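Quick notes on the structure that follows.
Keep in mind that what you see is a predicted model, and the values were worked out from it rather than measured. Quick note on labels: first sequence line is chain A, next is B, and so on, each numbered from 1.
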Amino acid sequence: MAIITVPRGTVDLLPSDMSIWKRMEKTAEEVCRLYNYGEIRTPMFEATDLFQRGVGETTDIVQKEMYTFTDRGNRSLTLRPEGTAPVVRSYVENKMYGDPNQPVKLYYCGPMFRYERPQAGRQRQFTQFGVEAIGSDDPHIDAEVISLALEFYKRLGLKQLKLVINSLGDLDSRKKHREALIRHFSPAIGEFCEDCQNRLERNPLRILDCKVDREHPLIQSAPSILDYLNESSKAFFHAVKEALDDMGITYEVDPTLVRGLDYYHHTTFEIMGADFGAITTLCGGGRYNGLVEEFGGPRVSGIGFGLSFERVILAMKAEGLEVSGSRTLDCFFAPIGEKARAVATKLLYACRKAGISADMDYMDRKVKAQFKQADRLGARFVAVLGDDEIARHVLSIKDMETGEQVDVEEDQIIDYLKTKLED
RNA sequence: GCGGUUGUGGCGAAGUGGUCUAACGCACCGGAUUGUGGAUCCGGCAUUCGUGGGUUCGAAACCCAUCAACCGCCCCA
């Protein structure tokens with residue numbers, strides 16, 4: 001009989017995994033508090049149309065990666081594949097553009113879903129932490145968002161980080177560049193791989209970072225987006241770089257950095273980490289114009305990023321950082337016999353009530369095995385209680401670190417443990 | 001969607017057609033120490049080798065199918 005397992009591309013997070021997850025959640029929360037971003041939680045599923053229009057019909061996400069289903073009311077819904085579209089939807093729906101506090105700065109943490117073949121750093125359900133700053137055209141907010149992501153990683157101890165930035169320019173610049181690329185590649189597109197031939201009309205920028213054709217001379221000589229930026233786009237990109245310089249953040253400009261989602265304009269960026277298999281992108285983000293308008297809001301732009309907790313863990317492991325955490329216990333009760341068990345139970349709950357973490361044996365183990373169990377649980381103290389102790393109204397408390405053992409009056413045990421634990 | 005590798009107890013792993021009623025290590029349980037952990041020694045712990053079918057006198061091993069995991073491609077976080 002085959003057992004039922006988790007769905008493909010999903011995992012269980014077990015108690016031994018939770019320490020690093022809590023750390024990441026707390027770090028995200030703390031950094032966002034310092035940067036003054038407020039938490040938002042949107043539903044795990046949305047109208048399918050939200051992603052089709054928001055992310056873009058031509059993107060891989062929409063074309064082949066969405067978990068789409070029809071509910072009993074015959075509505076087409078989709079498990080969210082990314083966080084920006086839902087946040088912008090909520091921004092518009094809740095009329096946050098009318099909030100006197102502008103720009104609106106939001107962050108979210110939660111599961112995202114994409115139907116892909118799983119591999120290292122890629123799952124069908126994964127967890128994203130992301131921020132969105134909506135309503136400002138100030139290039140300084142781009143730099144703020146980037147620095148927030150870097151700060152998050154730094155606080156978790158990651159050092160091997162590389163920031164790559166680029167500008168796609170405004171709509172006008174993008175259009176001109178796209179035309180230039182198509183002109184550039186069209187005559188010889190037959191020499192390129194099948195993927196690139198498909199990319200020509202769909203997204204010619206992608207040809208630039210094709211792994212198959214990277215040696216092709218036309219790639220080296222391809223027109224750079226940076227040469228097609230109009231004056232205002234150039235000025236904007238310059239200002240973003242200047243702001244990063246002012247913050248002491250180092251970066252690399254990569255004119256071939258193309259992000260997979262249709263909504264990006266101007267600033268795009270990625271943060272790469274230490275090698276963990278084929279994937280090194282930890283975080284991706286950029287500025288989007290037109291998205292708010294698309295969903296019925298005013299003509300404002302936003303900038304944000306998304307990063308995956310799963311990849312943080314992989315990067316930490318690749319850098320040799322500790323990601324496991326062991327639980328500890330203040331006191332383990334080791335009763336001997338039925339009478340002792342009753343007394344131990346009473347004291348066990350008294351400890352817990354007093355804020356001392358405590359547990360006891362429920363497997364009817366021998367004393368020796370109870371000590372072994374206490375040791376495994378990382379218990380600081382073991383409280384032994386047999387007929388002898390009961391008769392004298394004491395417990396024999398053993399300090400598992402020092403090995404010293406003393407008798408403590410039954411009604412003194414809470415005070416005794418508290419004092420000892422405070423040292 | 002395509003390609004590669006793998007699938008043996010709780011975990012790691014040997015075995016590649018004939019005493020395999022499956023080695024070894026870790027973990028776990030018990031004992032040496034009849035009320036004391038982290039050391040040592042002794043003992044216990046898979047009628048079964050992902051699942052289904054086939055070949056054979058005989059399969060965990062060979063063949064086919066299927067499922068899954070891992071890795072890679074595309075693409076992404």
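Whole-Å rounding puts the M112(A) CE to C76(B) C1' distance at 14 Å. One atom, OH of Y115(A), and another, P of A77(B), lie 20 Å apart when rounded to the nearest Å. What separates CD of Q125(A) from P of A77(B) is a distance of 17 Å, to the nearest Å. Rounded to whole Å, atom P of A69(B) lies 14 Å from atom CZ of R122(A). With rounding to whole Å, I279(A) atom CD1 is found 11 Å from C73(B) atom C1'. Separating the CG atom of L314(A) from the C1' atom of C71(B) is a distance of 13 Å, rounded to the nearest angstrom.
Cation-pi contact between K241(A) and F237(A): present, with separation from the ring centre below 6.0 Å and deviation from the ring axis of at most 45°.
Under the rule for a ring pair (Phe, Tyr, Trp, His ring centres under 6.0 Å), the partners of Y263(A) that lie at least two apart in sequence or sit in another chain are Y288(A). The ring pair (Phe, Tyr, Trp, His ring centres under 6.0 Å) search around Y67(A) returns Y115(A), not counting sequence neighbours. Remark: D49(A) pairs with R53(A) by the salt bridge (charged side-chain N to carboxylate O under 4.0 Å, His left out) rule, at least two apart or across chains. Take Y153(A) and apply the ring pair (Phe, Tyr, Trp, His ring centres under 6.0 Å) test, not counting sequence neighbours, and it matches no residue. Under the ring pair (Phe, Tyr, Trp, His ring centres under 6.0 Å) criterion, H265(A) pairs with no residue at all, not counting sequence neighbours. Remark: R114(A) engages no residue in a salt bridge (charged side-chain N to carboxylate O under 4.0 Å, His left out) (not counting sequence neighbours). Listed by chain and residue number, nothing satisfies the salt bridge (charged side-chain N to carboxylate O under 4.0 Å, His left out) test with E57(A) (two or more places apart in sequence, or in another chain).
Between A77(B) and Q128(A), no contact under 4.0 Å exists linking OP1 or OP2 to a side-chain N or O.
Rounded to whole Å, the separation between the C1' atoms of G7(B) and C45(B) comes to 23 Å. Across G17(B) and A22(B), the matching C1' atoms stand 15 Å from one another, rounded to whole Å.
Within the nucleic acid shown, A374(A) has no heavy atom closer than 4.0 Å to any nucleic acid atom. Among the protein residues, G83(A) comes within range of no part of the nucleic acid, since none of its heavy atoms lies under 4.0 Å from any strand. Heavy atoms of E82(A) sit nowhere under 4.0 angstrom from any nucleic acid atom. Among the protein residues, E116(A) comes within range of the nucleic acid bases, having at least one heavy atom under 4.0 Å from a base atom. Here G130(A) lies out of heavy-atom contact (under 4.0 Å) with every strand. If you check every strand for non-hydrogen atoms under 4.0 Å, L282(A) touches sugar and phosphate atoms only.
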Reading nucleotides 27-43 of chain B 5' to 3', which nucleotides get B (base under 4.0 Å from a protein heavy atom), which S (sugar-phosphate only), which -?
-SSSS---BBBB-----

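Aromatic ring centroids of F129(A) and Y108(A) lie 6.0 Å or more apart.
In this structure, E30(A) pairs ionically with R33(A), as a charged nitrogen and a carboxylate oxygen lie closer than 4.0 Å.
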Using distance only, find each side-chain donor-acceptor pair of residues 405-412 of chain A under 3.5 Å and give its atom names and separation, not counting sequence neighbours.
residue	atom	partner	partner atom	Å
Q405(A)	NE2	S396(A)	OG	2.6
D407(A)	OD2	R392(A)	NH1	3.0
D407(A)	OD2	R392(A)	NH2	3.0

Nucleotide N/O to protein N/O under 3.5 Å, stretch nucleotides 2-5 of chain B:
residue	atom	partner	partner atom	Å
C2(B)	N4	R117(A)	NH1	3.0
G3(B)	O6	R117(A)	NH2	3.1

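Residues in residues 120-134 of chain A take part in these salt bridge (Lys or Arg N to Asp or Glu O under 4.0 Å) pairs, two or more places apart or across chains: E116(A)-R122(A).
Mapping G9(A) and S308(A) onto RNA chain B via the closest heavy atom, the residue that lands nearer the 5' end is G9(A). Toward the 5′ end of RNA chain B lies the nearest nucleotide of F276(A), the other residue of the pair F276(A) and T280(A) mapping further downstream.
Secondary structure note: stems in RNA chain B built from 3 or more consecutive Watson-Crick or G-U wobble pairs under 3.5 Å occupy B:1-7 with B:67-73, B:10-12 with B:24-26, B:28-32 with B:40-44, B:50-54 with B:62-66.
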